[in-house]
Amino acid sequence: MLSVFASRASHLKSRESIKRLGSMMSRLILLTGATGYVGGRLLSLLQQRGVCVRCITRRPEALRERVSSTTEVVSGDVFDPESLQSAFEGVETAYYFIHSMGDNRDFETQDRIAAENFAKAATRAGVHRLVYLGGLGNPDQKLSKHLRSRQETGDILRAHHSLVIEFRASIVIGSGSLSFEMIRALVERLPIMICPRWVQVKAQPIAVEDLLAYLYAASEFPASASQVYEIGGPDQVSYGQIMHEYGRQRGLTRWMIPVPLLTPYLSSLWLGLVTPLYARVGRKLVESLRNPTLVSNNLAESVFAVRPRSVRDAIARALVNEDREFAETHWSDALSSAGKTQSWGGDRYGSRLVDSRTVTVTVPPEQAFGPIRRIGGRTGWYYGNWLWSLRGFLDLLTGGVGVRRGRRHPDKLNVGEPLDFWRVEVFEPPQRLRLKAEMKLPGRAWLEFEVSPCEQGSTIRQTAIFDPLGLAGLMYWYGIYPLHQFVFAGMLRNLARAAESSDCHSTRPSHVVAKATGPEIQDSGPML
């Protein structure tokens with residue numbers, strides 16, 4: 001009981017300190033949708049710039065561990081007006097990133113109720129301004145339900161609050177965005193695509209970094225009245241043109257066959273089959289794609305200093321971000337979206353397929369890391385060495401480096417050194433070793449080992465990452481999946497045995513004392 005009171009007192013003290021700091025800076029920001037794609041990216045940007053943020057969410061426990069010391073996480077629900085009152089205390093600017101796209105219920109009605117409750121609560125609390133992200137589309141045309149609801153939400157916010165800055169955007173290009181993930185999946189998986197009419201509809205995409213620049217600027221902009229700003233990059237292109245550009249940058253040639261009819265329902269089923277979208281969200285998205293989403297005026301350009309980048313640069317930037325271990329946020333992180341779709345071979349993270357498993361050993365990290373730092377060369381790969389040698393021989397036959405390079409020293413490694421058909425990319429003993437494949441592959445591959453302390457001793461995590469190039473890469477991945485399940489499990493098991501052995505140079509200890517926690521599979525698939 002005392003611990004409960006202490007926890008509450010600590011929380012209240014933290015909240016009071018944040019309020020005082022927000023008062024000192026006179027710039028406390030309330031953020032909704034922080035568990036979603038745009039909200040999560042904006043939260044990271046605000047925290048980097050030292051802004052005091054209060055996040056409101058229905059599940060605070062899902063966010064508290066992901067925020068900095070300048071961010072407070074509170075419980076609240078836009079469908080429960082009373083829960084919003086305390087959240088707005090001391091807030092100057094509130095960002096509204098809520099919509100019911102992933103909801104089974106009548107999302108238009110839900111969006112109306114949520115927006116009205118939010119705007120009224122903000123007005124009562126004296127919040128200076130609201131910032132909202134809606135969707136482009138000519139309201140004089142017959143808009144899809146989704147686009148119509150997004151624009152209606154802006155109207156409702158303005159009807160109940162005196163200062164609302166609304167941005168209307170088209171396709172957001174960024175690692176992890178809903179539209180970009182759909183484009184990526186279609187191009188990566190389908191050499192030949194059957195294209196309904198919506199593939200040729202024009203849009204004006206914007207890079208996620210440029211979108212965030214607008215959203216951040218809105219909190220500092222000296223506005224005196226509500227205004228709608230249409231934002232987008234300099235290019236007016238179709239989804240088909242975006243897919244062609246993505247394919248060009250990935251080195252993939254794709255053929256598109258137009259078809260005169262393909263209903264939103266059939267399109268959503270098709271997208272659900274070959275992309276990360278599930279059919280319900282896919283149908284709402286496809287219905288919106290029939291509407292051109294183009295900027296009709298340059299008001300935003302004349303008011304804000306942001307100069308959005310081209311589609312080519314936006315895609316290049318997104319692909320560069322893919323080279324980070326994982327994108328900062330992902331559209332499926334949103335609490336309103338469905339859970340992960342489980343499939344044979346594991347789920348995708350961006351364009352990557354990941355197999356990660358752990359084992360716990362009763363030795364300190366320095367000893368657990370010993371066998372890892374000696375991997376490869378004469379030591380071998382701890383399991384199925386003849387298979388690794390065969391893979392190296394096949395690599396030589398196709399013009400690759402094979403495994404004849406070995407390693408320079410049996411116990412020492414340096415970043416940039418070759419190691420069989422890998423190259424050392426990261427070496428941070430006794431925590432981490434990451435190898436990048438230099439064998440011939442229809443894609444890119446990494447193998448990573450991480451050691452962290454735990455109550456029992458140490459946890460060893462072994463992660464294989466594969467970035468497949470088109471259909472050939474996917475066929476390769478799934479074709480050898482059963483073999484790699486077998487090889488990777490054996491390799492981790494014997495690494496644990498070697499770590500537990502009194503002679504860490506031995507890969508064949510006489511007994512096993514390691515306690516496996518899995519393997520704890522997060523995503524699965526072959527690597528080599």
Backbone of Y216 reached by a side-chain donor or acceptor of S219 within 3.5 Å: yes
R250 and D467 ion-paired at < 4.0 Å: yes
Donor-acceptor contact present, side-chain T71 to main-chain V67, <3.5 Å: no
Beyond-backbone contact of L353 with Y478, side-chain heavy atoms, under 4.5 angstrom: yes
Distance, nearest 0.5 Å, that separates NZ of K202 from OG of S170: 12.0 Å
Aromatic ring pairing F221/F304, orientation class (parallel under 30°, perpendicular over 60°, tilted between): tilted
Donor-acceptor under 3.5 Å (T123 side chain, A119 main chain): yes
Check: L63 and R59 side chains under 4.5 Å, non-hydrogen atoms: no
Parallel, tilted or perpendicular: rings of Y96 and Y132 (30°, 60°): tilted
Distance-minimising heavy-atom pair for I171 and S179: CG2-CB, 3.5 Å
Main-chain N/O of D80 paired to N117 side chain as donor or acceptor, under 3.5 Å: no
Ionic contact status for E166 with R168, cut-off 4.0 Å: yes
Pairwise distance CZ(R54) to OG(S86) - rounded to 0.5 angstrom: 7.5 Å
Geometric class of the F167/Y214 ring pair [parallel <30°, tilted 30-60°, perpendicular >60°]: tilted
Modelled atom types, side-chain donor and acceptor of D111 and T153, under 3.5 Å: no
Crowding at CD, E220 (>12 non-hydrogen neighbours, <6.0 Å): yes
Residue R312 excluded, over 12 heavy atoms near CZ under 6.0 Å: no
Pair R148 + E108, salt bridge at N-O below 4.0 Å: yes
No-hydrogen, no-angle side-chain donor-acceptor test under 3.5 Å, Q200 and Y239: no
